[in-house]
Structures are given as C-alpha cells and as structure tokens.
Amino acid sequence: GAGVSQSPRYKVAKRGQDVALRCDPISGHVSLFWYQQALGQGPEFLTYFQNEAQLDKSGLPSDRFFAERPEGSVSTLKIQRTQQEDSAVYLCASSQGYGYTFGSGTRLTVV
Amino acid sequence: DQQVKQNSPSLSVQEGRISILNCDYTNSMFDYFLWYKKYPAEGPTFLISISSIKDKNEDGRFTVFLNKSAKHLSLHIVPSQPGDSAVYFCAASEGKAAGNKLTFGGGTRVLVKP
C-alpha cells in the first residue's frame, strides 16, 4: 500500500476487556515497530519485528501486551484485560532500511 | 529516566521569523538524531536527521545543529510558515541500522501566527 494503515482509528474499551489493534505496513517493508504515545508525551517504543521474527520486545509494559506478525506483513498488537493506564495512541511504523513511516495510530480509550 | 528531553512544551512565532526548537539527551550511546513533525490525528512524519559525525545538516528551510559535547541539538526553521504549526519531536537512536529503536522527547508544540 501507499502508506502504513492502522485499524481501528478509535477504540473504546471497558476496563478488563481484551483489544486487538491491527497494522498493515507498507508492502515489502521488512521492519515493523509498535510505539505507545500517552497524552502529551512522545512515542515510546514497545516492540520490533524483522519479517515475522520479534527481535525486541523490551518496551512491552507488561505480560498483558502481546504482538505478532505471523506472515511477516500484517501485525497485531493485543492487550489483555485493559486498564485505564493503557489509554494512549498506539502507533505502528514500518521501514525498509532506515527511515520510518508511521501510521496514523489507533487511539485507545479505556473506561 | 528521560533520555531525550524537549524542555519547551510550546513555542509561538510570527510568520517569516525563525523558529528554534531545542532538545537535550543524556545517553552517550546515541549517535543518530531525527526530528519528526506531527499534525493532529496523524502519525509523525520524518523531517530531518543528523549523524553524530556531523554538526550541521540543512534541508531547505530546516537546519539541525548538533553539539555532541553538550549533548544538545536544535532545529531551526527559517522562515516559519503557518503550515509549520504542529508538534515537533526530537528522537535519537544508537546507530542508524534498520531495527534500531527510537527514543523520543516529549514534543514541542509550535504555533506560527500569520
């Protein structure tokens, strides 16, 4: 595709609910990143994939967060038993070499 | 522990004047620095970068300066235009290789007044 596509754009979840956020990277991009951006702050690294391999998950804040990219293209970030502090914009970025292209993000609000 | 800091949360400047955005970092391992621009409801878009082997990089109206000894970088926008109104993020990484994660500052909101 022309850009990185994320869905849904907005998600409201009740506390304790599980959510799944989807990222469609630019076709052929090997590297895929997830970042979390809390209100008024800069994006913070969550995890990195090279093709289907998750090479770095050091930024995932707890074991409630899980990411996968089974075929090396589309990625899903899953958050189990959501809590209010999970409310943020979740940004996906892809790269072929160096230089990220970010998607528009999914704004998650946990109520 | 914030490794990249943007101490000015906001900046207001008149159209045609210079905008100067500042960024400080603490991690000596950072050797590649980037600036991103973000409009509301959009993802950050890459603006300009600089490697630690340089102290200046220029691209049109945008210039980034790096002072390694002070662990400080700045972004100059000359002349500022109303379309430059956005949030600007400074980011840093250890190396330029694909897969290197970025550490972002908290952002500076720029308002360019016509």
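Lettering of chains follows the sequences in order, A, B, ..., and the numbering in each one begins at 1.
- Among residues two or more places apart in sequence or in another chain, the side chain to side chain donor-acceptor pair (under 3.5 Å) test is passed with B/Lys68 by none.
- With a 4.5 angstrom heavy-atom cutoff, A/Ser58 touches chain B only via side-chain atoms.
- Under a hydrophobic-cluster definition in which Ile, Leu, Val, Met, Phe, Trp and Tyr are linked whenever side-chain heavy atoms come within less than 4.5 Å, directly or via other members, B/Ile20 and B/Ile50 are assigned to different clusters.
- In this structure, B/Phe104 has its ring center no closer than 6.0 Å to that of A/Phe45.
- Rounded to the nearest 0.5 angstrom, B/Lys101 NZ and A/Tyr48 OH are separated by 12.5 Å.
- Looking at A/Gln41 and B/Gln2, their side chains never come closer than 4.5 Å, going by heavy atoms from C-beta outward.
- With a 4.5 Å cut-off on non-hydrogen atoms, A/Arg107 does not touch chain B at all.
- Separation of atoms OG1 (B/Thr45) and OH (A/Tyr100) is listed at 15.0 Å; rounding is to 0.5 Å.
- Heavy atoms of A/Leu55 lying under 4.5 Å from chain B are absent altogether.
- B/Leu47 is connected to B/Leu73 through a chain of hydrophobic side-chain contacts under 4.5 Å among Ile, Leu, Val, Met, Phe, Trp and Tyr, so both are in one cluster.
- The greatest number of non-hydrogen atom pairs below 4.5 Å with chain A, out of B/Pro44, B/Gly106, B/Ala91, is found for B/Pro44.
- For a residue to count as touching a neighbouring chain, one of its non-hydrogen atoms must lie under 4.5 Å from one of that chain's; by this rule A/Glu44 does not touch chain B.
- In terms of heavy-atom pairs under 4.5 angstrom with chain A, the leader among B/Ser49, B/Ala41, B/Gly107 is B/Ala41.
- Of the residues considered (A/Gly42, A/Ala93, A/Pro43, A/Gly105), A/Pro43 shows the highest number of contacts with chain B, using heavy-atom pairs under 4.5 Å.
- Residues that satisfy the side-chain contact (heavy atoms from CB on, under 4.5 Å) test with A/Asp86, not counting sequence neighbours, are A/Arg64, A/Phe65, A/Ile79, A/Thr82, A/Gln83, A/Tyr90, A/Leu108, A/Val110.
- Atom CZ of A/Arg15 has 12 or fewer heavy atoms from other residues, nucleotides or ligands within 6.0 Å.
- Proximity to chain B is limited to the side chain of A/Tyr35, based on heavy atoms less than 4.5 angstrom apart.
- Counted within 6.0 Å of CZ on B/Arg61, heavy atoms from surrounding residues, nucleotides or ligands total more than 12; the atom is thus considered enclosed.
- Side-chain contact between B/Phe46 and A/Phe102 is absent, with no heavy-atom pair separated by less than 4.5 Å.
- Within a 6.0 Å sphere centred on CD of A/Glu85, heavy atoms belonging to other residues, nucleotides or ligands number more than 12.
- Under the 4.5 Å side-chain heavy-atom criterion for Ile, Leu, Val, Met, Phe, Trp and Tyr, A/Val89 and B/Leu102 are members of the same hydrophobic cluster.
- Two different hydrophobic clusters hold B/Leu34 and A/Leu32 under the rule that ILVMFWY side chains link at heavy-atom gaps under 4.5 Å.
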